[in-house]
Protein chains: 2
Amino acid sequence: MEKIVDETLVFGHKNPDTDSIMSSMVMANLENQLGNNARAVRLGNINKETEYVFNYLGIEKPEYIADIEDGQNVILVDHNEATQSADNLANAKVEKVVDHHTMNFVAPYQLYYRAEPVGCTATVLYKMYKEYDVEITKNIATMMLSAIVSDTLLFKSPTCTPEDKVIAEKLAKIAEVDITTYGTALLKAGTDLSEYTPEQIINIDSKLFEKDGKRFKIAQVNTADLDSIFKDKVYFEAAINDEIKKNNLDLYMFAATDILNSNSKIISLGNDSNVVEKAYGVTLDNNTALLENIVSRKKQMLPGILENLG
Amino acid sequence: MEKIVDETLVFGHKNPDTDSIMSSMVMANLENQLGNNARAVRLGNINKETEYVFNYLGIEKPEYIADIEDGQNVILVDHNEATQSADNLANAKVEKVVDHHTMNFVAPYQLYYRAEPVGCTATVLYKMYKEYDVEITKNIATMMLSAIVSDTLLFKSPTCTPEDKVIAEKLAKIAEVDITTYGTALLKAGTDLSEYTPEQIINIDSKLFEKDGKRFKIAQVNTADLDSIFKDKVYFEAAINDEIKKNNLDLYMFAATDILNSNSKIISLGNDSNVVEKAYGVTLDNNTALLENIVSRKKQMLPGILENLG
């Protein structure tokens with residue numbers, strides 16, 4: 001891709017989820033409305049859930065980029081850590097960050113950084129639209145609402161804050177949708193894994209983390225039918241072991257999250273696979289375990305591993 | 001100091017300048033107005049310039065604290081790097097950061113982080129008051145205005161942005177002061193070094209930085225009379241050499257900034273003292289040099305050293 005100096009690229013994390021895709025488009029629109037030349041792009045494939053929003057709105061998807069040029073101006077949304085971002089982020093110029101995650105960020109220059117402890121980046125963006133007095137159109141409202149529904153599992157995730165819910169309700173009015181009807185349809189669309197291979201499923205939404213030199217991935221998919229996923233367990237294990245070798249990982253945890261019953265069933269592999277036993281108070285049975293009432297990677301799965309690894 | 005669990009302590013960097021002191025008080029007030037229990041404290045002595053604001057307003061100074069307790073909830077203003085903060089920041093819980101500096105920040109949990117590339121923390125706080133619709137009283141406006149005047153050297157520093165100026169003008173109206181009259185009096189108060197020893201002068205506003213294992217300090221004072229400061233050069237050198245030994249520094253640069261002519265005269269000492277020659281295109285004469293049109297530590301002094309050290 002050719003570098004366009006005056007254009008700022010806006011993107012979310014690799015293996016983008018609905019919040020990363022929608023927030024990049026919503027942020028690019030905010031910049032455009034404020035007179036700045038910005039464009040949303042994406043660092044990975046669009047999943048079935050996010051696809052539902054594009055079909056619903058009938059709008060174009062952001063362009064996929066494999067990499068960014070040195071000196072490219074960028075805006076990060078829904079992430080701030082280099083491990084989750086474009087490969088050569090260190091050579092880009094980060095102008096702004098809008099996020100809602102834990103932080104690990106260094107910049108030897110001043111920039112705009114706005115993060116809040118809420119359930120979704122779009123919730124922060126809603127407040128920025130209000131602050132800059134930029135109109136939230138029906139399409140923009142639908143995008144923001146979709147991001148909040150997705151990140152909070154329709155307000156059922158422990159990551160959901162009262163602010164996410166209040167703002168989602170305001171957005172639903174502008175979007176002219178019933179939250180429960182629209183939200184359930186959106187989440188269910190994301191559970192349709194019928195066209196994916198196990199290799200693809202574990203990469204739909206996986207994030208790489210590092211702690212004290214240890215490298216681990218947590219992959220997550222939503223499902224309304226745990227059993228049908230675990231029928232293919234042996235294929236998932238093969239795919240995961242490939243990933244471990246390829247990426248030199250100490251641990252790979254794949255979590256299938258039951259969005260109806262709010263549990264997650266995991267497969268844990270790698271030299272540090274039994275860290276999950278201590279992390280969640282479970283016993284692995286043939287590499288798997290059921291994590292009751294655990295649905296959030298950020299608030300529930302990740303802290304357990306970070307505390308017990310190393 | 002006893003830890004009060006429900007109270008959040010708000011503070012700026014060590015060797016606090018006017019922005020650090022005023023922004024901690026302005027932020028604590030914002031939190032209080034929003035129903036949160038917060039209190040401004042300070043990590044160091046109040047300088048003559050900041051003293052002027054307290055005398056002008058006839059209000060109480062924040063309490064000095066030497067250290068914070070483990071688990072203390074804190075809000076950082078006007079800084080984010082651990083080296084410039086309370087010694088045991090790593091054991092505290094940072095709830096929020098409001099800042100306008102370069103970033104080097106890690107938190108293994110979600111938090112509120114707001115930084116903008118403007119000349120002063122108070123400029124960001126003004127926007128937060130507007131966003132939360134909290135009244136800016138005459139006293140609060142005077143505090144914010146003082147911080148902006150101080151950090152931007154009455155809009156003459158290259159760190160000053162159009163936003164700082166526009167907001168300062170709005171604040172001056174609420175504060176019912178003429179910016180130039182008030183601002184000049186404030187800056188001049190800061191140049192009164194008559195009661196300080198050289199040891200004290202170099203510590204009025206010094207910041208510690210680290211790069212690739214090298215440690216250096218840049219100290220800065222404002223003056224309207226360079227000559228009278230450099231009369232005491234030999235005493236400054238002794239004090240600086242003491243600091244270098246005590247803190248194991250590779251470089252100590254002391255800059256006296258002429259607020260009337262917008263130049264800085266420096267003393268540079270330490271094993272890496274001649275890094276400043278490359279950094280600013282000057283030749284040290286008996287450890288000193290005049291840096292023409294250089295007044296900003298953040299935008300002008302620091303980048304030069306970071307580029308050439310190591």
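Chain letters run A, B, ... following the sequence lines, proteins first and then strands; every chain starts at 1.
- Counted within 6.0 Å of NZ on K278(A), heavy atoms from surrounding residues, nucleotides or ligands total 12 or fewer; the atom is thus considered open.
- Residue E116(A) touches chain B through both its backbone and its side chain, counting heavy-atom pairs closer than 4.5 Å.
- Each of V94(B), L111(B), V106(B), N80(B) was checked for a side-chain contact (heavy atoms from CB on, under 4.5 Å) with M103(A), and the lone residue meeting it is L111(B).
- At a 4.5 Å heavy-atom cutoff, K130(A) makes no contact with chain B through either its backbone or its side chain.
- Separating the CG atom in N104(A) from the CZ atom in F105(B) is a distance of 10.5 Å, to the nearest 0.5 Å.
- Heavy-atom pairs under 4.5 Å with chain A were tallied for V97(B), T159(B), V118(B); the largest tally goes to V118(B).
- Under a 3.5 Å cut-off, the side chain of Q110(A) and the backbone N or O of T102(B) do not form any donor-acceptor pair.
- The contact between H101(B) and chain A is made entirely by backbone atoms, counting heavy-atom distances below 4.5 Å.
- In this structure, chain B has a heavy atom under 4.5 Å from the side chain of K298(A), while its backbone stays farther away.
- K127(B) NZ: more than 12 foreign heavy atoms inside a 6.0 Å radius.
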